[in-house]
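Structure record follows, encoded as structure tokens.
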Amino acid sequence: MQAAEVSAWLEGTAVATAVREGLWLYPAVETVHILSVATLFGSILLLDARLLGASPRLPLDVLARHALRPVYFALPALVVTGALMFSADASALVGNAAFRAKMVLVPLALLNALALELGWLRLLRRQPARQIPAAAKVFAAASLALWIGVIICGRLIAYV
Amino acid sequence: MTNPSMLRTLAAAAVGAALAWAATAAAHHGWSGYSEKAERFTGVVRAVEYGNPHVTMELEAKDRTWHVVLAPPSRMEGRGLPRKGLSVGDSATVEAYRHETKEGELRAEWIEVGGKRTELR
């Protein structure tokens, strides 16, 4: 199945049509998308900063639980709102360089987060007084870079 | 001799001047990715896509068909040009800027149809 055929089919669905033709549905969906990315990025920023050495007196296990809870809501919200906006304009978006770059960076950022969780956060939660390993810091820095890249690409969709 | 209220006034004046400058700059130039030279195109509407993120139309003018980017549906409606106000076969004029790399694409500053002008910025 060609990308063009799938895009056209998607754009023709009732949901996509409603999002595209409604006056305020698209901007409302977009606003939720932006609120969700602000929530996700702000939370991850605080955790990554702690992993990189900021506020060493802040217990990592307490901070991680506090910071990640909003992310568990923000991520599904991002996927759903993103899918809705994508469906409304799929043909144009599949060819958009910024959108394609974003669709590469998002999975990378998620994989990086998974690696951080499985590799170090589990360990550090059990031993919160332990020094944060250098390798964990590399992944924390990568996390920041990747999510910043996602946000930049998202904003540039309208400009390329 | 600087005091807090004088600094506040100075800061307010600076912000005001910056905003005024930005507003005039926006009024006389195009959009990012489009030429800064405004041109007028008058012709016949051959197609309309009245949807998000932007309403677009195909306009036959100057011996060719242009893909014209207008504004989001909420803005078009709010400014007096609803879906039923822009139809295939209508005569329309736009003041628009050519896309810098996409051949045949325009972004419109305003559109005149049915004797009424609608500002799009």
Side-chain angles (χ1 to χ4, degrees), chain A residues 4 6-37 77-78 80-103 150-160, chain B residues 22 25-26 29-36 45-59 65-88 96-109 111 113 118-121:
Chain A
V6 178
S7 299
W9 170 81
L10 203 50
E11 283 172 344
T13 61
V15 171
T17 303
V19 174
R20 184 176 52 249
E21 300 195 349
L23 282 189
W24 295 106
L25 186 53
Y26 187 101
V29 167
E30 189 174 24
T31 301
V32 173
H33 197 75
I34 289 170
L35 284 167
S36 301
V37 82
L78 284 167
V80 169
T81 53
L84 287 171
M85 288 190 289
F86 176 77
S87 71
D89 202 20
S91 309
L93 287 167
V94 289
N96 185 297
F99 179 76
R100 290 159 88 141
K102 188 177 173 185
M103 292 304 104
V150 165
I151 290 173
I152 290 173
C153 287
R155 183 64 268 200
L156 286 183
I157 290 171
Y159 293 94
V160 298
Chain B
H29 298 283
W31 269 274
S32 177
Y34 294 81
S35 156
E36 297 205 333
V45 177
R46 290 300 177 209
V48 180
E49 262 287 347
Y50 203 99
N52 283 290
H54 290 106
V55 175
T56 62
M57 68 174 181
E58 307 305 306
L59 184 74
T65 305
W66 304 89
H67 179 70
V68 188
V69 179
L70 303 170
S74 52
R75 176 169 284 192
M76 302 272 290
E77 281 248 350
R79 295 188 185 183
L81 188 53
R83 184 187 299 270
K84 63 183 194 303
L86 188 61
S87 312
V88 174
Y97 309 87
R98 297 182 192 230
H99 195 282
E100 264 158 10
T101 52
K102 290 182 209 167
E103 178 62 31
E105 180 172 313
L106 306 173
R107 180 105 192 229
E109 182 78 41
I111 179 171
V113 58
T118 304
E119 294 286 342
L120 302 171
R121 184 176 290 275

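The sequence lines fix the lettering, A, B, ..., with proteins before strands; numbering per chain opens at 1. Heavy-atom basis, side chains included; hydrogens, waters and symmetry copies ignored.
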Around atom CD of E49(B), are there more than 12 heavy atoms of other residues, nucleotides or ligands at under 6.0 Å?
no
Taking all non-hydrogen atoms of both residues into account, name the closest pair between N52(B) and G22(A) and its distance.
ND2-O, 2.9 Å
Residue, of S32(B), S74(B), G33(B), G51(B), that accumulates the most heavy atom pairs under 4.5 Å with chain A
S74(B)
Considering all heavy atoms of both residues, which atom of E77(B) and which atom of L23(A) are nearest to each other, and what is their separation?
CG-CD2, 3.5 Å
Checking R83(B) against chain A: side chain, backbone, both or neither under 4.5 Å from a heavy atom?
side chain
Are Y26(A) and P53(B) close enough that some pair of their side-chain heavy atoms sits under 4.5 Å apart?
yes
